[in-house]
Amino acid sequence: MLDWWFDADGKICCVRMDERKTASSATFDGGVHVKFEGVRVLKSGKTYVYAVADGHSVNINDVKLRGERYVSLYFDGKLIKEYNVHAEYYKHKYGSYPEIYDSVCLFFRRTAFASAALAVFAACFLAAALTAAGIINTLTAAGIFAAACAATAFVLFGAFAALRYAVLHARMKRYSIISSVKKHKKARRRTGRKR
């Protein structure tokens with residue numbers, strides 16, 4: 001959710017907008033009466049024009065430049081704030097689990113545990129269903145089938161999670177949400193003893 005706060009003649013106004021929608025979805029809160037006046041086409045997008053009581057105006061620009069979508073609010077021609085919509089989306093993603101995106105090891109530990117639990121559950125459920133249907137007749141065959149399914153599901157779930165994580169991690173680095181500089185291990189202290 002994108003939000004802008006501004007002051008109009010001593011009255012506080014907040015404009016909120018879902019970043020996945022167009023600027024026409026913006027809502028106005030506070031003690032300012034706002035009236036929609038129309039949409040103007042810009043070279044690289046649109047501007048949504050609103051009239052505010054006492055002769056003020058609010059414009060919300062929704063433009064695309066070099067593959068990036070920018071949404072900005074102008075009050076009486078003065079820029080209040082501009083958002084890069086993609087960057088805000090990845091900031092929100094990072095904010096929900098910052099420790100995972102800061103530590104790749106923690107992500108792999110959690111993913112391995114979750115993938116193993118999910119794989120074992122799915123494999124046992126499938127083996128039980130096939131046994132109940134009469135497709136698998138012996139307990140040994142059901143156990144072997146469940147183990148094979150669990151191993152396959154573990155690899156698939158883990159690979160899917162790792163691929164999604166790699167994409168998110170790369171995009172967060174691109175928008176400087178997380179550092180792209182590798183942290184070096186501290187060098188060992190020399191004790192000064194001669195060998």
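Throughout, residue positions are numbered sequentially from 1 according to the sequence presented.
Closest of all the heavy-atom pairs between S72 and L79 is CB-CD1, 3.8 Å. Among all heavy-atom pairs drawn from C149 and A123, the shortest one is CB-CB, 3.7 Å. When all heavy atoms of A112 and F154 are compared, the closest pair comes out as O-CE1, 3.4 Å. A pairwise comparison of heavy atoms in G158 and T111 identifies CA-CG2, 4.3 Å as the closest pair. Annotation for M172 and Y90: closest pair CE-O, 3.7 Å, computed over non-hydrogen atoms.
Taken to the nearest 0.5 Å, the CD1 atom of I177 stands 8.0 Å off from the CD atom of E88. T47 OG1 to L73 CG: the interatomic distance, rounded to the nearest 0.5 Å, is 9.5 Å. The line from CG of D102 to OH of Y94 is 3.5 Å long, rounded to the nearest 0.5 Å. Atoms CD and CG, on E82 and L2 in that order, are 11.5 Å from each other to the nearest 0.5 Å. With values rounded to the nearest 0.5 angstrom, F145 atom CZ is found 11.0 Å from C124 atom SG. Here the CG atom belonging to L65 is positioned 9.5 Å from the CD atom belonging to E68, to the nearest 0.5 angstrom.
Formation of a donor-acceptor pair under 3.5 Å by the S103 side chain with backbone atoms of E99 is not found in this model. Proximity of a side-chain donor or acceptor of D76 to a complementary backbone N or O of S57 within less than 3.5 Å is detected. When atom types are taken as modelled, the side chain of S96 and the backbone of K93 share a donor-acceptor pair closer than 3.5 angstrom.
Transitive grouping of hydrophobic side chains (ILVMFWY, heavy atoms separated by less than 4.5 Å) keeps V49 and V63 in distinct clusters. Side-chain heavy atoms closer than 4.5 Å link hydrophobic residues (I, L, V, M, F, W, Y) into clusters, and following such links, possibly through other members, connects Y89 to I100. The hydrophobic clustering, which links ILVMFWY residues whose side-chain heavy atoms are closer than 4.5 Å, places Y97 and L168 together. One hydrophobic cluster, built from ILVMFWY side chains closer than 4.5 Å, cannot hold both V104 and F160; they sit in different ones.
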Verify side-chain contact (heavy atoms from CB on, under 4.5 Å) between L106 and R109, making sure each step is shown before the conclusion.
CA-CA 5 Å; L106 180 62; R109 279 199 302 269; 3.7 Å; yes

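K64 is linked by a side chain to side chain contact (heavy atoms under 4.5 Å, CB included) to R69, counting only residues two or more places apart in sequence or in another chain.
Note on residues 101-122: pairs passing ring pair (Phe, Tyr, Trp, His ring centres under 6.0 Å), not counting sequence neighbours, are Y101-Y165, F107-Y165. Sequence neighbours left out, the pairs with a member in residues 44-87 that pass ring pair (Phe, Tyr, Trp, His ring centres under 6.0 Å) are W4-Y83, F6-F75, F28-Y50, F36-Y50, H56-F75.
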